[in-house]
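The residues of the chain are indexed from 1 along the displayed sequence.
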Amino acid sequence: MSNFSSQLRLSSSLLKHLKHQINATSSSTSTSAAAAMMFERRSFTTTEGSRPTIVHKRSIDILHDPWFNKGTAFSMTERDRLDLRGLLPPNVMSSPQQIERFMVDLKRLEVHARDGPSDPNALAKWRILNRLHDRNETMYYKVLIENIEEYAPIVYTPTVGLVCQNYSGLFRRPRGMYFSAEDRGEMMSMVYNWPADQVDMIVVTDGSRILGLGDLGVQGIGITIGKLDLYVAAAGINPQRVLPVMIDVGTNNEKLLKDPLYLGLQEHRLDGEEYISVIDEFMEAVFTRWPHVIVQFEDFQSKWAFNLLQRYRNTYRMFNDDVQGTAGVAIAGLLGAVRAQGKPMIDFPKQKIVVAGAGSAGIGVVNAARKTMARLLGNTESAFESARSQFWVVDANGLITEERTNIDPQALPFARKAKEVGHQGLKEGASLVEVVQQIKPDVLLGLSAVGGLFSKEVLEALKGSTSTRPAIFAMSNPTKNAECTPEEAFSVLGDQLIFASGSPFNDVKLGGGVIGHCNQGNNMYLFPGIGLGTLLSGSRIISDGMLQAAAECLAAYMKDEEVLKGIIYPSISSIRDITKEVAAAVVKEAIEEDLAEGYRDMDARELQKLDIEEIKTYVKNNMWEPRYPTLVYRKE
């Protein structure tokens with residue numbers, strides 16, 4: 001958005017004053033022309049979150065509204081203007097002072113806030129942060145952004161899994177919206193119960209497969225809240241324009257069905273056409289009220305994740321983070337592993353990859369990796385077919401071959417031919433150990449949600465890899481579901497190993513000053529940038545090319561000297577810069593594919609004129625910053 005147009009719109013009192021002066025000096029000069037003289041330099045963006053805010057409440061109501069509450073940071077002028085004098089301690093605190101006070105309290109309360117010795121310290125931190133979120137959103141996001149490396153694991157994986165498991169007991173203040181099977185026929189009117197006229201980002205789940213924890217029913221809303229916290233912190237999406245959503249179609253979790261304190265529908269899940277009709281009604285309702293919203297599907301069970309993605313992706317602005325986001329982060333890591341071997345990324349199609357896990361995440365990664373290999377081989381039909389032969393997919397029943405009965409349609413393209421595996425000394429249902437022993441893969445990729453699956457026997461088998469630097473991706477979340485720990489992997493395979501995981505682990509000291517780097521392949525590297533880039537481009541859909549551009553941008557983010565040390569993912573502390581780069585790559589690809597329709601005052605023609613550095617500036621200037629706005633009261 002241009003500074004010129006935004007300031008014309010927002011500074012009406014200034015323009016009235018200007019008009020009075022103009023009329024007094026020259027009746028022939030128009031108001032807009034004089035205003036243009038004031039703003040000689042025309043920029044193409046305006047800084048998100050810098051405008052004064054009109055509020056329709058005062059006094060104690062302001063203090064009880066987390067969107068506008070500043071606590072002790074209200075200036076004396078604002079206290080008078082908003083009838084707050086006497087309702088706060090007299091000392092006006094700066095934002096840094098407030099954060100310092102909170103952090104001191106947080107460190108002191110981390111232990112004391114625990115509900116007994118069995119309550120994990122991480123859950124105590126979540127409680128304290130959540131209370132801040134309930135009373136002062138601006139300060140909450142400022143704390144989160146400034147301490148993102150420490151608190152991302154609290155608001156997101158792995159702690160968010162624990163939060164979801166205990167959400168019925170932790171629930172205090174409504175956050176987000178709930179659409180249930182009992183609301184059929186009512187959703188179109190329900191969406192107007194949400195107070196925000198503009199929503200940019202929705203994260204929605206049906207609670208059927210939360211992380212690797214299974215069916216948690218309505219308690220799964222915790223994951224959507226956590227994801228949107230990261231959209232705000234990492235991508236600068238305005239927190240007043242995000243909406244966490246839970247679609248409650250029942251639960252098949254028998255424990256929850258019998259729990260008298262469970263907050264959701266206590267009936268078995270809808271299935272088939274009944275289930276689809278609920279999701280259809282939800283999608284139609286939210287896109288009717290907010291036509292430009294982006295919907296991210298989160299933690300839907302595999303059988304629905306792919307079906308719903310294919311059903312909606314060419315009609316609505318939506319994507320599935322488990323299928324597409326996980327795949328993009330994995331692709332970036334796989335390309336990084338090739339670079340760590342001292343090879344160019346164009347050698348990626350030569351990598352032999354054994355995949356443990358054939359769910360939505362596992363098959364999503366394999367599909368994306370196959371497309372990347374094919375693109376590097378020339379993007380022909382034969383290249384696409386050739387790339388298929390680089391993957392061996394193993395599920396709970398062993399190696400998937402064409403002899404398998406009732407193969408999941410999504411896994412079918414990667415079922416190995418019986419004759420082919422016979423020559424490799426394998427057969428249908430061969431164990432993971434047998435596959436690793438015979439194939440000698442460059443990469444062992446885990447998306448199984450089975451903690452400890454990469455046993456010592458499997459790791460010993462990987463020592464036979466034909467690669468000088470084999471790679472292990474133990475990507476399942478939360479931490480307890482990781483296929484192995486970095487300590488286990490490095491103790492068997494030594495310092496030449498490339499290791500990545502889905503949840504955070506510490507680096508491993510290998511002796512002699514050598515460090516075994518543990519890379520966290522966190523979806524957080526990509527989904528904020530995909531969402532922000534789609535929003536700012538105004539793209540009608542989220543294309544494969546936009547997702548590929550995001551993954552390649554992340555892969556190229558690391559410097560060669562870092563990659564050669566085995567560091568294939570950047571530090572979470574750089575997440576806002578990473579997101580800016582990824583979003584710019586997504587915008588650029590949307591422009592090149594002629595999908596971009598623009599955002600606010602930046603129309604498609606203006607976007608097409610920008611070079612990559614100008615796109616990055618455009619992205620950065622549209623990222624919300626947690627600053628207290630000037631509040632101006634106006635009677636409704």
Between side-chain atoms of residues 157-164 and protein atoms elsewhere (two or more places apart, or another chain), which donor-acceptor pairs fall under 3.5 Å?
{"unit_1": "T157", "atom_1": "OG1", "unit_2": "S503", "atom_2": "OG", "d": "3.4"}
{"unit_1": "T159", "atom_1": "OG1", "unit_2": "P153", "atom_2": "O", "d": "2.9"}

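Side chains of N522 and V329 form no contact here, defined as non-hydrogen atoms less than 4.5 Å apart. The closest side-chain heavy-atom distance from F391 to K352 is not below 4.5 Å. Side-chain contact check for L444 versus P470: every heavy-atom pair is 4.5 Å or farther apart. Counting heavy atoms from C-beta outward, L535 and Y599 have side chains that approach closer than 4.5 Å. L510 has its side chain out of reach of I515: every pair of non-hydrogen atoms, C-beta onward, lies at least 4.5 Å apart. Here the side chains of D611 and E614 are in contact, with some heavy-atom distance below 4.5 Å. V354 has its side chain within reach of L432: a pair of non-hydrogen atoms, C-beta onward, lies under 4.5 Å apart. No side-chain heavy atom of I237 sits less than 4.5 Å from a side-chain heavy atom of W624.
Across all their heavy atoms, T205 and G220 have their closest contact at CG2-O, 3.6 Å. Shown here for A358 and D395, the closest heavy-atom pair between the two residues is CB-CB, 4.0 Å. When every heavy atom of A387 is checked against every heavy atom of A374, the shortest pair comes out as CB-N, 4.2 Å. In terms of heavy-atom proximity, G531 sits nearest to M201 at CA-CE, 3.7 Å.
Note on R317 versus D200: no salt bridge recorded, every NZ/NE/NH1/NH2 to OD/OE distance being 4.0 Å or above. Salt bridge status for E561 with K565: absent, with no side-chain N to carboxylate O gap under 4.0 Å. Salt bridge status for K620 with D577: absent, with no side-chain N to carboxylate O gap under 4.0 Å. The pair K559-E562 does not count as a salt bridge, with every side-chain nitrogen at least 4.0 angstrom from each carboxylate oxygen. A salt bridge links E298 with K227: the closest approach of a Lys/Arg side-chain nitrogen to an acidic carboxylate oxygen falls below 4.0 angstrom. Using a cutoff of 4.0 Å between basic side-chain nitrogens and carboxylate oxygens, R209 and D322 are scored as salt-bridged. The pair E488-K456 does not count as a salt bridge, with every side-chain nitrogen at least 4.0 angstrom from each carboxylate oxygen.
Side chain of S539 to main chain of I542: no donor-acceptor pair is present (N/O by atom type, distance under 3.5 Å, no hydrogens or angles). Remark: side-chain polar atoms of Q438 are not paired, donor with acceptor, to backbone N or O of E434 under 3.5 angstrom. Not one N or O on the side chain of N147 forms a donor-acceptor pair closer than 3.5 Å with the backbone of E150. A donor-acceptor pair under 3.5 Å is formed between the side chain of T617 and the backbone N or O of E613. The backbone N or O of G359 sits nowhere less than 3.5 Å from a side-chain atom of S302 that would complete a donor-acceptor pair. In this structure, D299 contributes its side chain and L211 its backbone to a donor-acceptor pair below 3.5 Å. Looking at R576, its side chain never comes within 3.5 Å of a backbone N or O of A234 through a donor-acceptor pair. With N314 contributing its side chain and Q310 its backbone, the two residues share no donor-acceptor pair below 3.5 Å. Judged purely by atom type and a 3.5 angstrom limit, D215 has no side-chain atom pairing as donor or acceptor with the backbone of S208. Remark: the backbone N or O of Q351 is paired with a side-chain donor or acceptor of Q390 at under 3.5 angstrom.
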Start with the C-alpha distance between L399 and E428, add both sets of side-chain angles, then the distance that settles side chain to side chain contact (heavy atoms under 4.5 Å, CB included), and finish with yes or no.
-> CA-CA 6 Å; L399 179 65; E428 161 61 36; over 6 Å; no
Under the side-chain hydrogen bond (donor to acceptor under 3.5 Å, both in side chains) criterion, do S465 and S467 qualify, and how do the steps go?
-> CA-CA 5 Å; S465 169; S467 173; 4.6 Å; no
Check the pair R416, E402 against salt bridge (charged side-chain N to carboxylate O under 4.0 Å, His left out), reporting the backbone distance first and the verdict last.
-> CA-CA 6 Å; R416 306 293 299 203; E402 291 180 347; over 6 Å; no
Please report the C-alpha distance between V355 and V394 in whole Å, then the side-chain angles of each, then the deciding distance to 0.1 Å, and finally whether the side chain to side chain contact (heavy atoms under 4.5 Å, CB included) criterion is met.
-> CA-CA 6 Å; V355 182; V394 180; over 6 Å; no
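Considering L536, L607, V587 as possible partners of I615, the one that fulfils the side chain to side chain contact (heavy atoms under 4.5 Å, CB included) test is V587. Among I567, L335, L564, N519, the single residue meeting the side chain to side chain contact (heavy atoms under 4.5 Å, CB included) criterion with M558 is I567.
Heavy atoms from other residues, nucleotides or ligands lying under 6.0 Å from NZ of K427 number 12 at most. Annotation for K616: atom NZ counts as buried by contact number, over 12 foreign heavy atoms lying within 6.0 Å.
If you check the side chains of D229 and Y141, you find a donor sitting under 3.5 Å from an acceptor. Side-chain N/O atoms of Q548 and T372 include a donor and acceptor closer than 3.5 Å. Using modelled atom types and a 3.5 Å distance limit, the side chains of Y151 and K125 yield no donor-acceptor pair. A donor and an acceptor atom, one from each side chain of Q437 and E457, are nowhere located under 3.5 Å apart.
The aromatic rings of F297 and Y312 are tilted relative to each other, their planes meeting at an angle between 30° and 60°. Using cut-offs of 30° and 60° on the angle between ring planes, the pair F499 and F505 is perpendicular.
Expressed to the nearest 0.5 Å, how far CZ of R313 lies from CG of D544 amounts to 4.5 Å.
Cation-pi contact between R370 and F384: present, with separation from the ring centre below 6.0 Å and deviation from the ring axis of at most 45°.
Ring centroid separation for the pair Y525 and Y569 comes in under the 6.0 Å cut-off.
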